Protein chains: 2
Amino acid sequence: MKKKEKKPEFEKYEYSAAAVDLVIFAIINGELNTLLIKMKYKPFQGELALPGGRIRVYESVDECAKREIKEKVGINNIYVEQLYSFGDIKRDPSIRIISISYLALIDNTDNIKLKTTEKYEEICWMPVNKVHKLAYDHNEILKYALSRLKSKLIYTNIVCNLLPKKFSLSEMQRVHEIILDRKLDKRNFRKKVFSLDLIKEAGREEGVPHRPSKLYSFKTKKLMIVEMF
Amino acid sequence: MKKKEKKPEFEKYEYSAAAVDLVIFAIINGELNTLLIKMKYKPFQGELALPGGRIRVYESVDECAKREIKEKVGINNIYVEQLYSFGDIKRDPSIRIISISYLALIDNTDNIKLKTTEKYEEICWMPVNKVHKLAYDHNEILKYALSRLKSKLIYTNIVCNLLPKKFSLSEMQRVHEIILDRKLDKRNFRKKVFSLDLIKEAGREEGVPHRPSKLYSFKTKKLMIVEMF
DNA sequence: ACAAAAGTGTTCAGGCTACACCCATGG
DNA sequence: CCATGGGTGTAGCCTGAACACTTTTGT
């Protein structure tokens with residue numbers, strides 16, 4: 001008997017499997033990076049993919065995303081936001097599985113130890129614009145995540161989740177420029193940021209071979225709608 | 001043995017059930033309405049809820065949304081957009097089920113025959129601001145849909161999906177005012193709409209006891225990002 | 001002629017853009 | 001004293017907001 005699309009009534013309502021896929025962004029060496037895993041088993045053996053995993057019966061979808069992040073990068077309390085659900089039948093060639101994608105942001109990767117599990121061959125950061133073909137429909141998910149990040153950068157204070165506690169305005173501007181992929185005017189940037197009243201002074205830089213910058217921190221990291229650019 | 005949260009390892013990866021819930025909006029009698037069903041069986045017997053249904057194994061999530069719409073209102077080819085996935089464990093008290101919510105817009109309800117199925121007691125339109133307690137987490141879903149509609153009204157041409165083929169600018173302004181729930185200035189509205197170059201003339205109104213308005217139609221119904229207000 | 005809704009311009013204020021030089025520090 | 005990045009102000013333009021009267025039709 002040849003394998004084909006099954007459509008018998010009795011399994012019409014069969015449960016769908018659901019999973020979470022993560023787009024975890026961080027700024028590393030002046031580039032926007034995302035976390036990827038290298039797959040160990042077929043059908044995508046050796047290919048890169050977004051980290052993720054099946055949703056368990058005793059956890060909510062949000063909890064699943066947070067657990068997966070904890071498992072992969074070992075931290076809690078980072079910014080996490082649901083993106084979109086991808087539900088094509090054959091997005092996973094082996095079984096029918098719906099993917100609920102999440103965006104997460106990490107402000108500092110220095111203390112992060114990436115944890116390979118037995119299911120993956122490798123886990124690593126990769127600059128977003130060096131990413132080529134990913135497994136499944138993960139290119140589409142990554143693209144979606146990036147466009148969400150860009151727009152939220154423009155109309156919210158989400159950038160606070162990509163900056164350390166204390167930062168200079170040049171640093172902040174650099175993050176914007178990296179993600180939006182265009183130059184911004186320094187004076188206009190500063191004027192705008194100050195006018196939004198989101199940050200407060202937090203000391204000065206030290207030991208740099210040039211005029212030290214003032215440091216700032218966000219008054220709050222709560223996500224707020226503010227017209228930035 | 002008392003019922004409690006189960007968490008045995010062997011069913012850690014048990015499939016989650018997934019369903020689609022629909023927020024179908026239409027303007028009726030100068031109000032924003034949404035389609036609701038009255039539930040026939042427990043645990044929400046007699047309560048109102050959003051229409052929806054389980055995702056079948058042989059259909060994508062998007063296809064499921066479209067099928068459900070076809071079943072309830074008998075039409076295809078309307079605007080449909082995925083909203084958000086709601087995944088709390090106990091959002092359905094009986095079984096664990098993830099809901100992927102969709103927004104749909106209907107431009108004209110005159111020729112629509114609502115179809116009750118055996119599973120529902122009733123199906124009806126209800127003005128959004130007369131909706132009280134709904135079953136499940138459906139108030140939250142409705143609220144999310146409304147906020148998405150409001151923001152897309154501001155930064156896209158989505159309004160074209162709530163207007164008939166030919167419409168006057170006053171009609172269009174009325175739709176904006178109904179949904180945004182605030183008055184707009186007539187001259188500024190017209191100036192803005194014309195400047196966007198989205199519509200073309202399409203005749204005149206006839207047989208009204210006052211100066212007939214020019215009618216317009218959209219050059220395209222493709223969703224476009226345009227700063228409207 | 002009247003009731004009802006359609007249609008039409010101008011002014012003002014605030015925000016966005018473009019742009020170039022001096023400052024503070026370490027080496 | 002030099003190299004490096006930090007920090008600052010202004011002028012023109014464009015856009016959004018406020019605002020009231022005339023026009024066209026049916027009755």
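Chain letters run A, B, ... following the sequence lines, proteins first and then strands; every chain starts at 1. Side-chain atoms are counted along with the backbone in the values below, which use heavy atoms only and exclude waters and symmetry mates. None of the values given here were measured: they were computed from a predicted structure.
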Here the distance between atom P of C/dA6 and atom OH of B/Tyr216, to the nearest Å, is 12 Å
**Message:** Side-chain N or O of A/Lys192 versus OP1/OP2 of C/dG15: is the shortest distance under 4.0 Å?
**Reply:** no
Between CZ of A/Arg187 and C1' of D/dT10 the distance, given in whole Å, is 9 Å
Under 3.5 Å, is there a donor-acceptor pair between the side chain of B/Ser101 and the main chain of B/Tyr84? yes
When rounded to whole Å, the CD to C1' distance for the pair B/Glu205 and D/dT24 reads 12 Å
5'-most contact on DNA chain D (nearest-nucleotide basis), A/Leu215 vs A/Lys191, goes to A/Leu215
Rounded to whole Å, the CZ-C1' distance (A/Phe229 to C/dT17) equals 13 Å
Closest to the side chain of A/Asn188, out of D/dT25, D/dG9, D/dC19, is D/dG9
- Message: Can you tell whether the side chains of B/Lys214 and B/Glu201 come within less than 4.0 Å, N to carboxylate O?
- Response: yes
**Prompt:** When you measure from the side chain of A/Asp185 to the backbone N and O of A/Arg187, does any donor-acceptor pair fall under 3.5 Å?
**Reply:** yes
Looking only at D/dG6, C/dA4, C/dG7, the nucleotide nearest the B/Lys214 side chain is C/dG7
Separation of D/dG16 atom P from B/Phe189 atom CZ, nearest Å, is 14 Å
A/Asp185 atom CG is separated from C/dG15 atom P, nearest whole Å, by 17 Å
Considering only heavy side-chain atoms of B/Arg211, the closest of D/dG26, C/dA6, D/dG7 is C/dA6
Here the distance between atom P of D/dA17 and atom CD of B/Glu227, to the nearest Å, is 11 Å
Side chain to side chain contact (heavy atoms under 4.5 Å, CB included) test vs A/Tyr102 passes for just one of A/Val61, A/Ile24, A/Ile69, A/Leu83, namely A/Val61
Of A/Arg190 and B/Lys186, the one whose closest nucleotide on DNA chain D sits nearer the 5' end is A/Arg190
Do B/Glu68 and B/Lys72 sit within salt-bridge range, that is, some charged N less than 4.0 Å from a carboxylate O? yes
Should A/Ser170 be listed as having a side-chain N or O under 4.0 Å from OP1 or OP2 of D/dG5? no
